[in-house]
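First listed ligand is number 1; within each ligand, the first listed atom is number 1. Heavy-atom basis, side chains included; hydrogens, waters and symmetry copies ignored.
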Amino acid sequence: MSCLRPKRFALSALGQRRWMSVRPAKESEGVAKREKVTIQTLQLLRARKEPITMLTAYDYPTALASSANPAIDITLVGDSLAQVCLGLKSTTQLTLDQMIHHASAVARGTTHPLLVADMPFGSYHASVDAAIDNAVRLVREAQVEAVKLEGGEEIAELVHRLCSFGIPVMAHVGLLPQRHVAASGYKVQGRTVDAAKALMRTAKILEEAGAFSMVVEAVPKQLGQFITDNLRIPTIGIGAGPATSGQVLVWDDAMGTWNGHKAKFVRRFANLQSVRDDGVRAYAQAVKDGSFPDPQRESYTIDQDEWARFLEEMK
Ligand SMILES: Nc1nc(=O)c2c([nH]1)NC[C@@H]1CN(c3ccc(C(=O)N[C@@H](CCC(=O)O)C(=O)O)cc3)CN21
Ligand SMILES: CC(C)C(=O)C(=O)O
Ligand SMILES: [Mg+2]
């Protein structure tokens, strides 16, 4: 069958630029095959200036969607989960247990992408020891491969400790959504000489603490490039311009299922909302007008004789 003929994908991240034969998954699997993305793969992509793709996921189906595409490098269980999935007002309301519950589902649907989860607000603040316990819970209970932490110099010791135990850390600098109250809102960062210098210094400190990669959020594109050029680890930008080593977007922003605030950096790559709403409308209409279910194709039946005897015995 033609749909089972192997397709060929260019996966330049895997050693020499070469064509890798990829067996398209059967329809039921819905998952394309690619070798597991590792920290080394990301280093290679950065060296080749091949942009790294990271997309958030919050449950089994969204995880499968990214795993079905060999061009997705990293799946992030973002704490944006709070807003886009749980209807909370802020990421600061998300608990570690909620994150573990969702990250576990994402892990069950994740194949080749590197799996990273945000440590929720409050789960890495009280002490280094408590933060380590919580990171270990994410690795052990949710099977994430790395954790992402918002913050600067104040979390450098924690980053170092986690890395020394073999829990890879993705840093997150620039706009820190978990601190939106203290910052008086979600604001672009690094727009003055002093702020840009402080951000570059912070990025360097986190790299030196051992972070394997760094999310850079909502900074001028010039600063996004400068930080990228002056680090050895890959940067993943969100509102940091086109020169970072990679890009990340929130699933619902990219797929057009988020009706809340749309930041300047968001591009909608699909309109799943209209598809979804059409589906709900068609289903409701079919039930209301009696056209669903079809008595032939969508219903079960019983042998005529059995049914006749049943009716007889029920008299
Ligand atoms: N749907 C969604 N997308 C996200 O990217 C996202 C979340 N939720 N929740 C958690 C955080 C919050 N984030 C945000 C939220 C707001 C802005 C924002 O309003 N930015 C302003 C900047 C204004 C300025 O300082 O000039 C903007 O208009 O883009 C940015 C990032 C990113 N994360
Ligand atoms: C937007 C990304 C970087 C994030 O932290 C999240 O989704 O929570
Ligand atoms: Mg986050």
Test your reading of the structure: does Gln83 have an N or O sitting under 3.5 Å from an N or O of ligand 1?
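In this structure, Gln83 places an N or O atom under 3.5 Å from an N or O of ligand 1.
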Ligand 1 N/O within reach of Leu175 N/O, cut-off under 3.5 Å
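Checking ligand 1 against Leu175, no N or O pair falls under 3.5 Å apart.
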Atom indices of ligand 2, in the order listed, that fall short of 4.0 Å to a heavy atom of His172:
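Selected atoms, number and element: 5 (O).
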Among Val116, Leu76, Val250, closest by any non-hydrogen atom to atom 3 (C) of ligand 2
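Heavy atom nearest to atom 3 (C) of ligand 2 belongs to Leu76.
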Please work out which of Gly260, Ser80, Ala218 has its closest non-hydrogen atom nearest to atom 7 (C) of ligand 1.
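Heavy atom nearest to atom 7 (C) of ligand 1 belongs to Ser80.
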Going by an N to O cut-off under 4.0 Å, is there a salt bridge joining [X] and [Y]?
X	Y	value
Glu154	Arg179	yes
Glu145	Lys36	yes
Asp59	Arg108	no

Taking ILVMFWY side chains as joined if any heavy atoms are under 4.5 angstrom apart, and letting links pass through other members, which residues group with Phe310?
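Ile302, Trp307, Leu311, Met314, all in the cluster of Phe310.
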For ligand 1, which atoms sit closer than 4.0 Å to a heavy atom of [X]?
X	result
Val84	1 (N)
Thr91	10 (C)
Trp258	1 (N)

Within the structure, is a non-hydrogen atom of Lys148 found at a distance of less than 4.0 Å from ligand 2?
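Flag set, Lys148 near ligand 2.
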So is Glu150 touching ligand 2 or not, going by heavy atoms under 4.0 Å?
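Contact check Glu150 vs ligand 2: negative.
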For atom 1 (N) of ligand 1, find the nearest protein heavy atom and state the residue, atom name and distance (0.1 Å precision).
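I find the closest protein heavy atom is Asp253 OD1, 3.1 Å.
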Among all protein non-hydrogen atoms, which one is nearest to atom 29 (O) of ligand 1, and what is the separation to 0.1 Å?
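It is Lys264 N, 2.9 Å.
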Does the side chain of His102 come within less than 4.5 Å of Leu86's, by heavy atoms?
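Yes. Closest side-chain heavy atoms under 4.5 Å.
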N/O/S of Asp79 less than 2.8 Å from the Mg ion (ligand 3)?
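Within the cut-off used here (under 2.8 Å), Asp79 does place an N, O or S atom near the Mg ion (ligand 3).
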Is it the side chain (CB and beyond), the backbone, both or neither of [X] that lies under 4.0 Å from ligand 1, heavy atoms counted?
X	value
Pro177	side chain
Asp79	neither
Glu217	side chain

Please answer: with hydrophobic residues joined when any side-chain heavy atoms are less than 4.5 Å apart, are Val139 and Leu158 in the same cluster?
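Same hydrophobic cluster.
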Considering only N, O or S atoms of Asp118, the one closest to the Mg ion (ligand 3)
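That would be atom OD2.
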Do any N or O atoms from the side chain of Asp118 and from the backbone of Gly78 form a donor-acceptor pair under 3.5 angstrom?
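It does not hold such a pair.
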Only counting residues at least two apart or in another chain, list the ones meeting ring pair (Phe, Tyr, Trp, His ring centres under 6.0 Å) with Tyr283.
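Checked Tyr283 against ring pair (Phe, Tyr, Trp, His ring centres under 6.0 Å); zero matches.
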Could you give the distance from NE2 (His172) to CG (Leu76), rounded to the nearest 0.5 Å?
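Reported to 0.5 Å precision, the distance equals 9.5 Å.
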